[in-house]
Amino acid sequence: MRRILGFLRRRRRAGSGLPHPSDPGAGSGPARHGAARRVRLASGGCDCAAPCGWRLMLLRTGAGALAALLLVPASPATAGDLPDTPSVRDDLTPKDLARVRAITTPTADFSRPEQFELMQGGAGTAKKRINANSFSHSSANITFEEEGTFKLGNAIFRKNWVSSPSSTQASDGLGPLFNARACQSCHLKDGRGHPPEASLDATSMFLRLAREAETEEEKQAVAAHQVLNFPDPVYGTQLQDLAVPGLVSEGRMRITYEDVPVTLGDGTAVSLRKPSYAIDDLGYGPLDKRTTLSPRIANPMIGLGLVEQIHPADILANADPDDANGDGISGKAAIVPDPATGKPTLGRFGWKAQAATIRQQSADALAGDIGISSPEAPRHWGDCTEAQKTCLEMQTGVQARLGDTEAPEPIMDLVTFYSQNLAVPVRRDLDNKEVLAGKQAFYDMGCTSCHTPKFVTRRDAPNKAHAFQLIWPYSDFLLHDMGEGLADGQQVGVADGHEWRTPPLWGIGLTQRVNNHTFFLHDGRARNLTEAILWHGGEAQGARDRFAAAGAEDRAALIKFLESL
């Protein structure tokens with residue numbers, strides 16, 4: 001075990017995934033930048049890889065002032081809530097900062113792929129054959145020793161936990177109430193979950209339970225970013241449809257769908273399905289009347305370590321919560337309690353960006369989904385509440401000789417390392433003419449206003465495999481109002497019931513290949529990418545309407561582009 005932990009802490013020698021902005025096709029320079037900006041203004045959106053105000057200033061000042069100008073700090077409305085978060089990148093020299101801004105400037109040349117676009121996960125991109133295991137490869141630039149650590153983490157990720165007491169002492173502690181027995185059960189092949197369609201299997205989807213603050217004390221706690229919301233007093237933070245022997249499960253999720261007809265601009269008829277949620281067979285009495293139900297499917301696991309190393313200043317630079325530039329896009333940063341200090345920090349993982357780190361996200365999932373405690377979430381009985389006394393009387397899986405939790409620190413080290421190093425697959429068909437046309441449509445329709453194409457990760461990342469990588473996640477990792485149609489009515493910290501984090505798009509075109517389905521959005525209501533786009537509302541209404549008004553050829557090209565990611 002000491003050798004395993006040593007693998008996690010050693011520094012590696014890995015090449016940078018960042019090209020120099022002077023390389024051919026890198027998409028840099030004021031002239032290209034100005035063209036990109038004009039495209040955005042014409043389409044009614046602003047594809048902000050930096051604040052639009054900076055973009056106009058760049059056009060006026062020219063390249064000579066670029067390095068100095070980029071040192072001007074952003075002024076997000078959240079700055080007062082994140083006092084310990086730098087508003088400019090503090091990991092780069094002015095020269096490197098100018099280089100980063102230049103290489104992440106959105107392109108205006110759609111006649112050919114951008115240089116290095118093929119490697120959408122930087123130097124760690126998996127270039128192996130595309131198949132059902134395409135989300136399960138390790139980052140290509142980790143060391144040989146780390147590859148061993150990755151494989152051990154994979155074993156933990158796939159392990160089925162069992163109830164206590166058990167002869168398998170290093171694997172017991174399941175539940176007592178739970179949704180799955182293994183991480184892999186929800187993230188099958190490290191991919192996307194799905195709603196329970198023909199079968200009743202809801203393993204990769206669950207209902208989050210929560211209510212808003214009511215008392216003055218609760219409101220103050222939320223305002224100070226100490227808590228995100230409040231659980232149901234009986235059923236806790238999520239509905240758990242499974243239980244160990246001798247215990248009754250909490251209930252069963254029921255979904256009913258209503259057809260919503262949509263006619264596109266060229267007369268094409270599309271039928272969307274609008275879900276409604278209820279719970280059958282409640283095992284512990286009624287839900288609190290204030291409790292809201294928020295359905296969530298499991299997110300893909302690829303590229304998480306790279307997302308974790310996007311500098312917070314680059315995410316905050318795109319935040320415009322008051323829509324100061326008047327473009328109709330008002331993304332805001334998720335502010336959550338830091339898992340180590342309790343202080344407010346930037347959230348970036350989960351459907352509402354409710355987790356700040358991969359380790360905390362993993363710990364919360366182990367406790368909430370499987371009922372396994374860890375140092376970060378020492379809940380030996382998982383999500384059991386004081387109202388579920390029989391559950392709290394069950395034996396736990398804590399083994400004193402292994403630690404004081406069911407998944408002690410060495411286990412969390414392995415799970416975290418594995419989750420941080422699942423590689424993003426290589427792009428496909430990016431030089432296909434239809435894909436290039438679809439990419440231009442994606443830009444022209446304003447999709448990049450939220451789905452920011454690219455970032456460069458921190459130079460000072462703890463793992464060199466994640467450091468200074470040019471990556472293409474197509475997300476700004478901010479919260480956006482997505483309209484009434486996608487609203488769940490559930491507050492999660494600063495995110496209200498209409499707001500969701502922009503999900504990364506890398507790998508989205510391989511969903512069918514990896515997971516044998518094409519269900520998208522937070523609850524899987526969309527049966528294909530076209531339906532997913534048509535459900536967009538709120539801040540994304542303009543982009544959605546431009547897609548709906550486009551001709552069949554342009555719509556098909558945009559979908560082809562998404563399928564190449």
Can you find a heavy atom in the side chain of Leu207 that is under 4.5 Å from one in the side chain of Ile279?
yes

Under the 3.5 angstrom rule, does the side chain of His466 hit a backbone N or O of Gln420 as a donor-acceptor pair?
yes

Is the closest side-chain heavy-atom distance between Arg89 and Val456 below 4.5 Å?
yes

Using side-chain hydrogen bond (donor to acceptor under 3.5 Å, both in side chains), reason through Gln399 and Glu406 one step at a time and then give a plain yes or no.
CA-CA 7 Å; Gln399 306 291 330; Glu406 294 161 327; over 6 Å; no

If every non-hydrogen atom of Phe519 is compared with every non-hydrogen atom of Arg192, which pair is closest and at what distance?
O-CD, 3.2 Å

Going through the checks in order, is the side chain to side chain contact (heavy atoms under 4.5 Å, CB included) test met by Leu239 and Phe206?
CA-CA 7 Å; Leu239 182 77; Phe206 64 84; over 6 Å; no

Between Arg459 and Val100, is there a side-chain heavy-atom distance shorter than 4.5 Å?
no

State whether Lys332 and Glu499 are salt-bridged, where the test is any N-O pair (Lys NZ or Arg NE/NH1/NH2 against Asp/Glu carboxylate O) under 4.0 Å.
yes

Enter the distance from Ser204:OG to Asn515:CG here, rounded to the nearest 0.5 Å.
8.5 Å

For the side chain of Gln309 and the backbone of Leu306, is there at least one donor-acceptor N/O pair under 3.5 Å apart?
no

Determine yes or no for a side-chain-to-main-chain donor-acceptor pair under 3.5 angstrom, with Lys343 supplying the side chain and Pro83 the backbone.
no

Using the side chain to side chain contact (heavy atoms under 4.5 Å, CB included) rule, take Leu247 and Thr390 through it: C-alpha gap first, then chi angles, then the decisive distance, then the call.
CA-CA 7 Å; Leu247 196 64; Thr390 304; 3.7 Å; yes

Can you check whether Gln469's main-chain N or O pairs, donor with acceptor, with Thr457's side chain at less than 3.5 Å?
yes

Taking it one step at a time, do Thr345 and His225 satisfy side chain to side chain contact (heavy atoms under 4.5 Å, CB included)?
CA-CA 9 Å; Thr345 191; His225 312 297; over 6 Å; no

I'd like to know if the side chain of Asp320 reaches the main chain of Ala324, judged simply by a donor and an acceptor atom lying under 3.5 Å from each other, with no hydrogens or angles considered.
yes

Between Glu214 and Arg290, does any side-chain N to carboxylate O distance fall below 4.0 Å?
yes

If we ignore hydrogens and angles and just use 3.5 Å, is the side chain of Tyr235 paired with the main-chain N or O of Cys384 as donor and acceptor?
no

Are any of the side-chain nitrogens in Glu376 or Arg359 under 4.0 Å away from the carboxylate oxygens of its partner?
yes

Can you tell whether the side chains of Arg254 and Asp280 come within less than 4.0 Å, N to carboxylate O?
yes

Hey, what's the ring geometry for Trp351 with His522, parallel, tilted or perpendicular (30° and 60° as the breaks)?
perpendicular

Look at the side chain of Ser475 and the backbone N and O of Thr502, then say whether any donor-acceptor pair between them is shorter than 3.5 Å.
yes

A quick test of your reading: do over 12 heavy atoms of other residues, nucleotides or ligands sit less than 6.0 Å from CG of Asp404?
no

Worked check of side-chain hydrogen bond (donor to acceptor under 3.5 Å, both in side chains) between Thr292 and Gln490
CA-CA 6 Å; Thr292 56; Gln490 189 169 107; 3.0 Å; yes

Arg252/Asp281 salt bridge by N-O under 4.0 Å criterion
yes

Do you know which of Asp476, Leu478, Thr104 makes side-chain contact (heavy atoms from CB on, under 4.5 Å) with Thr452?
Asp476

Restricting to non-hydrogen atoms, name the atom on Phe157 and the atom on Ser419 that form the minimum distance, rounded to 0.1 Å.
CE1-OG, 4.3 Å

Using atom types as modelled and distance alone, determine if a side-chain donor or acceptor of Asp383 lies under 3.5 Å from a backbone N or O of Gly236.
no

Would you confirm whether the ring centroid of His480 sits within less than 6.0 angstrom of the ring centroid of Trp500?
no

Determine whether Glu212 and Asn229 satisfy the following criterion, side-chain hydrogen bond (donor to acceptor under 3.5 Å, both in side chains), listing intermediate values before the conclusion.
CA-CA 6 Å; Glu212 294 184 6; Asn229 52 29; over 6 Å; no

After noting the C-alpha distance and the side-chain angles of Phe178 and Asp369, does the key distance pass the side chain to side chain contact (heavy atoms under 4.5 Å, CB included) rule?
CA-CA 5 Å; Phe178 60 100; Asp369 301 347; over 6 Å; no

Taking atom types as modelled, is there a side-chain donor on Asp232 or Tyr284 under 3.5 Å from an acceptor on the other?
no

Does a side-chain heavy-atom distance below 4.5 Å link Leu82 with Leu316?
yes

Is the closest side-chain heavy-atom distance between Ser276 and Thr256 below 4.5 Å?
yes

Hey, does Trp535 have a side-chain heavy atom less than 4.5 Å from the side chain of Arg525?
yes

Would a 4.5 Å heavy-atom cut-off, applied to side chains only, mark His498 and Leu486 as touching?
no

Do NZ/NE/NH1/NH2 and the carboxylate oxygens of Arg211 and Asp288 come within less than 4.0 Å?
no

For Pro344 against Ala224, the heavy-atom pair lying closest together:
CG-O, 4.0 Å

Answer yes when Lys352 and Asp488 have at least one side-chain N-carboxylate O distance shorter than 4.0 Å, and no when they do not.
yes

Taking every non-hydrogen atom, the tightest pair across Asp523 and Met205
O-CE, 3.6 Å

Short side-chain to backbone donor-acceptor contact, Asp323 and Asp327, under 3.5 Å
yes

Pairwise side-chain contact, Phe135 with His187, heavy-atom cut-off 4.5 Å (strictly under):
no

Whether Gln240 side chain and Gly368 backbone form a donor-acceptor pair below 3.5 Å
yes

